[in-house]
Amino acid sequence: MQNKTKYLVTAALPTANNYIHIGHLVGSYLTPDIYVRYRKLKNDDVIFISGSDEYGTAIEMAALSQNVTPKEIIDRYHFSNKKAFEEIGIEFDIFSRTSNEIHHKTAQEFFLNLYNKNILVQKTEKQLFSNKEQRFLADRYVIGTCPVCGYEEARGDECPNCGSNLSPLELINPRSKITGDTPVVKEATHFYFPLEKYQEKLSEWIFSKTNWKQNVINYCKGWFKAGLRDRAITRDLDWGVKVPLEGYDGKVIYVWVEAPVGYISATKELFIERNQPHKWKEYWQGENTKLIHFLGKDNVVFHAIIFPAMLMAHGDFILPDNIPANEFLNIKGEKLSKSKDNGILVKDIVKKFDPDVIRYTLTSILPENKDSEFEMKDLQIRNNSELAAILGNFINRTVVFTKTKFENKIPERGELETADKEVLNFVKSQSVLISEHLDNFKFRDALFEAMNVARAANKYFNDSEPWKLIKDNKKRCETVINICLEICHSIAILMSPFIPFTADKILKTLNKDKSDLKWDKAGEFVLKAGTELGNNEILFPQIEDKQINEAVNTEEQTDVKTVVPENVISIDDFKKVNLKVAKVIECEAVPKSKKLLKLKLKVGDSEKQIVSGISEHYKPEDLIGKLIVVVDNLKPSKLMGIDSHGMLLAAKQNGELKIVTIDGEIDTGAEVS
RNA sequence: GCCGGGAUAGCUCAGCUGGUUAGAGCGUCGGAAUCAUAAUCCGUAGGUCGGGGGUUCAAGUCCCUCUCCCGGUACCA
């Protein structure tokens with residue numbers, strides 16, 4: 001039986017403890033979406049699978065720290081992220097979630113399969129247990145004194161002060177990060193997956209791949225070189241998929257083994273929805289299926305090594321055909337990744353910019369081979385000088401010409417001249433070239449070549465000069481415009497994987513349904529002469545500087561996450577600054593100055609005078625009696641001839657300024673640290 | 001510390017196993033055109049390929065070394 005190739009495309013399961021940001025989007029979701037849309041245009045048999053990863057310590061901790069149930073956490077982020085994906089046009093066949101019953105069942109079956117084959121190994125280890133919380137504490141969530149440097153807020157996995165790698169058992173005075181409870185040492189038995197045994201098989205398999213991206217191969221090489229280690233695959237937690245064995249109450253399957261099984265569960269769920277409950281097997285067990293995992297580089301080890309090893313051990317499923325992992329997207333030097341929770345959220349940016357403009361921009365700077373840089377201004381540049389100027393303009397000039405010169409009806413096409421044939425051949429050959437790029441996961445190149453169709457179309461329009469033909473050779477003019485309109489349709493086809501919303505708009509303008517929106521129809525004639533065109537709209541309005549500035553500013557304001565500043569200092573550096581509490585006893589404006597106030601302060605037993613540039617924000621009488629914070633040992637200076645022996649602290653933002661005051665009563669001269 | 005990756009035109013990036021004058025897009029500058037969102041089309045200028053050393057007839061491309069950036073991993077026990 002010769003079966004047609006099936007494509008099973010997965011996108012990394014986003015953890016439902018955070019809103020997805022454009023780093024996630026570019027790393028794991030945009031490229032598979034483009035790929036799948038392209039496959040569908042080619043009439044390939046493809047399904048696109050993803051869903052929320054809803055277990056793991058991160059979610060439990062998010063729930064504890066926000067004082068809500070884990071269920072509330074996962075619901076919030078699952079539905080929000082699902083919506084964000086829809087808004088940006090990521091069109092999954094199914095976006096499931098690992099809290100679904102079918103996933104529990106599937107993951108447990110998987111576990112039992114390995115257990116029954118005696119593949120799993122049991123080991124006993126010492127761990128920290130909180131009696132108060134009635135659970136074992138994850139490494140990151142234990143705090144204590146670092147045995148190396150004495151820093152009191154060291155974490156169980158590492159010390160942020162001296163950089164030492166630690167284990168929670170080494171911490172002096174360990175305590176739970178969440179409740180502060182002092183944990184006790186307790187033995188715990190866990191199942192391990194013997195990854196070490198699979199190293200040879202895995203490396204043979206991976207090194208046999210000739211079409212994998214070099215960065216992915218390199219990551220694997222690194223792991224192999226270090227030697228694979230057995231990994232625990234159970235945890236003592238409530239929140240997760242239960243270990244399906246008697247006598248193992250309170251144990252769940254560790255998220256890194258359970259989550260990837262979610263791809264299988266979601267596929268089952270999809271075909272139950274489609275009333276073909278057994279069809280999932282054709283994808284996961286069929287020889288002719290290409291399983292393709294899309295993800296960011298942080299996920300390579302799970303998809304290229306751990307999950308394949310599990311699949312090998314299980315034996316009933318196919319292995320991935322390719323893992324086209326992306327690198328990271330940086331934002332003006334800031335790092336974006338799953339582990340560092342900061343960035344521009346998808347749910348926010350779709351409210352400020354056309355989703356297709358975002359998709360286009362991100363695709364054109366995709367971190368395919370190495371980390372790449374993004375800034376808001378890129379959206380403006382890509383929109384104004386590429387989408388609007390080249391693509392939008394071609395559609396618009398063609399449609400407007402038809403409207404004003406041909407009563408908005410598609411003109412008849414006469415005999416073709418060389419230029420006509422050339423441009424049509426070019427469109428056709430580009431469709432082949434773009435195909436090749438997409439087949440090889442070269443999305444930037446593919447998009448660039450798609451854009452070249454619009455460039456060529458503009459040139460054809462220019463060279464043909466229909467605005468002159470209309471005066472002395474109407475027949476010829478009709479042919480040219482007919483062809484331009486046909487090219488508009490071809491552009492809709494070739495661009496639709498990248499900017500699907502725009503493709504739809506173009507079809508509407510052409511008054512055309514989707515029946516010819518097929519890859520093979522690019523460069524072909526599909527329009528009917530005489531058809532009246534639909535409404536014309538400007539596809540890509542200019543993005544003004546103002547919009548960019550506003551977007552950048554609101555981004556900074558909404559970003560409440562922890563960001564590591566650029567110039568970190570040691571605590572010793574900080575201690576060089578003497579901060580003290582001071583009381584304002586006198587205060588007056590400095591004459592003729594614009595912003596200066598002269599303040600007399602009581603600091604402990606002494607008085608001091610400082611000059612501060614805050615009169616636009618505070619009146620002298622507002623300040624008298626207030627307890628504020630001053631830098632006591634600042635080098636004295638003169639401002640408008642007045643001595644200043646320090647400075648007060650104040651917060652400033654967008655022209656607003658608020659001074660730092662003391663909450664409650666304390667003696668002046670008290671040190672601030 | 002160790003392993004891996006990166007450093008190429010003003011900006012964002014391509015450059016496979018070493019081989020003619022190092023490429024693209026955007027931006028710059030000049031010209032053409034005026035149907036079109038002052039958009040298009042044609043042309044121009046721009047780089048000691050992070051520094052230094054080496055191999056070779058020939059190196060952005062291989063080797064050594066240094067600097068800076070990014071990942072991973074370890075030093076603890």
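Heavy-atom basis, side chains included; hydrogens, waters and symmetry copies ignored. Chain identifiers are assigned alphabetically (A, B, ...) following the order of the sequence lines, protein sequences preceding nucleic acid strands; residue numbering begins at 1 within each chain.
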**Asked** With a 6.0 Å cut-off on ring centres, are A/Tyr35 and A/Phe441 close enough?
**Response** yes
**Message:** Heavy atoms only, 4.0 Å cut-off, all strands: where does A/Arg382 land among base, sugar-phosphate and nothing?
**Reply:** nothing
**Asked** Mind telling me whether B/G52 is syn or anti, cutoff 90° either side of 0?
**Response** anti
**Complete:** Answer for the Watson-Crick or wobble partner of B/C41, both distances under 3.5 Å, is B/G31
**Prompt:** Which residue, A/Asn218, A/Asn326, A/Ile323, forms the side chain to side chain contact (heavy atoms under 4.5 Å, CB included) with A/Lys213?
**Reply:** A/Asn326
**Item:** side-chain N/O A/Arg455 vs B/C26 OP1/OP2, d < 4.0 Å
**Value:** yes
**Message:** Heavy atoms only, 4.0 Å cut-off, all strands: where does A/Leu539 land among base, sugar-phosphate and nothing?
**Reply:** base
**Message:** Between A/Lys297 and B/G5, is there a contact of a side-chain N or O with OP1 or OP2 at under 4.0 Å?
**Reply:** no
**Request:** Write down the distance between CD (A/Glu368) and P (B/A14), rounded to a whole number of angstrom.
**Result:** 8 Å
**Message:** Regarding A/Phe448, tell me which of base, sugar-phosphate or nothing describes its non-hydrogen contacts under 4.0 Å with the strands shown.
**Reply:** sugar-phosphate
**Asked** How many Å lie between CG on A/Leu447 and P on B/C26, as a whole number?
**Response** 13 Å
**Request:** Applying side chain to side chain contact (heavy atoms under 4.5 Å, CB included) between A/Phe501 and each of A/Val357, A/Asp356, A/Leu539, report the one that passes.
**Result:** A/Asp356
**Fill in**
Only residue of A/Trp212, A/Tyr198, A/Phe224 satisfying ring pair (Phe, Tyr, Trp, His ring centres under 6.0 Å) with A/Trp205 is A/Trp212
**Message:** Please classify the nucleic acid contact of A/Lys468 as base, sugar-phosphate, or nothing, using heavy-atom distances under 4.0 Å.
**Reply:** sugar-phosphate
**Complete:** Among B/G4, B/C13, B/U73, the one nearest any side-chain atom of A/Ser372 is B/C13
**Asked** With both distances kept under 3.5 Å, what pairs with B/G25, Watson-Crick or G-U wobble?
**Response** B/C11
**Message:** For a quick check of understanding: with a heavy-atom distance under 4.0 Å over all strands, which category does A/Asn369 fall into, base, sugar-phosphate or nothing?
**Reply:** sugar-phosphate
**Asked** Touch check for A/Ala389, heavy atoms < 4.0 angstrom, all strands: base, sugar-phosphate only, or nothing?
**Response** sugar-phosphate
**A/Phe401 over B/C35, stacked by centroid distance under 5.5 Å, angle under 30°** = no
**Message:** Mind checking if A/Glu465 touches a base, just sugar-phosphate, or nothing, with heavy atoms under 4.0 Å?
**Reply:** nothing
**Item:** Rounded P spacing from B/A14 to B/G52 in Å
**Value:** 24 Å
**Message:** Please report the distance separating the C1' of B/C49 from the corresponding atom of B/A9, rounded so that it comes out in whole Å.
**Reply:** 10 Å
**Request:** Look through every strand shown and name the nucleotide pairing with B/C2 as Watson-Crick or G-U wobble, where both distances are under 3.5 Å.
**Result:** B/G72
